[in-house]
Amino acid sequence: RYVALRGDVCSRPQHHLGAFDIIVSNPPYITADEMRGLDPSVRDFEPEQALFGGEDGLDFYRTICSKWGELLVPGGMLLFECGYRQAAEVAGILENNRFAGIGVTEDFSGVPRIVYGYTV
């Protein structure tokens, strides 16, 4: 069974949500420099909050790992989509938050795009 939730990932989750086996996230990951150079076809039609991930594009990864990772059961998995140059940094964030078995999967174009890790 799965549950899709909408919430503010910047806030600490409410514990009544229970424990999860897996959390999947495609957070905003565009950097400040990339935002300034975004193509108008994206910039003019997507809300900034859906794109901008902070100065380095990694704010949401840090927040989700530190605040939401605690809701995962032991051996639970956290998966992220990331920007085309961010996989190593996202993997480091998972490692800094004590995730194990960290891996990276490429998209169909060969770009490192999915980063995942497991709770211990």
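This one's a predicted model, so the numbers in the text were calculated from it and none came from an experiment.
Distance check: Asp56 CG to Thr31 OG1 gives 8.0 Å after rounding to the nearest 0.5 Å.
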Side-chain donor/acceptor pairs under 3.5 Å, residues 93-104, sequence neighbours excluded:
unit_1, atom_1, unit_2, atom_2, d
Asn96, ND2, Gly92, O, 3.3
Asn97, ND2, Ile93, O, 2.8

Side-chain polar contacts of residues 63-77 - donor-acceptor pairs under 3.5 angstrom, sequence neighbours left out - could you list them?
unit_1, atom_1, unit_2, atom_2, d
Thr63, OG1, Asp59, O, 3.1
Ser66, OG, Arg62, O, 3.0
Ser66, OG, Thr63, O, 3.3
Lys67, NZ, Cys10, O, 2.6
Trp68, NE1, Val9, O, 3.1
Trp68, NE1, Ser11, O, 3.3
Glu70, OE1, Arg12, NH1, 3.1
Glu70, OE2, His15, NE2, 3.4

Just list the side-chain donor-acceptor pairs under 3.5 Å for residues 40-49, sequence neighbours left out, or say none.
unit_1, atom_1, unit_2, atom_2, d
Ser41, OG, Asp39, OD1, 2.5
Arg43, NH1, Leu38, O, 2.9

Please tabulate, one pair per line, all N/O donor-acceptor pairs under 3.5 Å involving side-chain atoms of residues 79-91, not counting sequence neighbours.
unit_1, atom_1, unit_2, atom_2, d
Glu81, OE1, Asn26, ND2, 3.3
Glu81, OE2, Tyr29, OH, 3.1
Arg85, NH2, Glu34, OE2, 3.3
Gln86, OE1, Gly83, N, 2.7
Gln86, NE2, Tyr29, O, 3.0

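Contact check for Leu51 versus Met35: side-chain heavy atoms found under the 4.5 Å cut-off. Two residues are said to be in side-chain contact when any heavy atoms from C-beta on lie closer than 4.5 Å; Phe60 and Pro28 meet this criterion.
Evaluation of the ring-ring contact (aromatic ring centres under 6.0 Å, His included) test over residues 100-120, restricted to residues two or more places apart or in two chains, returns none.
Listed by chain and number, the residues in a salt bridge (charged side-chain N to carboxylate O under 4.0 Å, His left out) with Glu106 amount to none (sequence neighbours excluded).
Tyr61 is not connected to Val24 by any chain of hydrophobic side-chain contacts under 4.5 Å among Ile, Leu, Val, Met, Phe, Trp and Tyr, and they are in different clusters.
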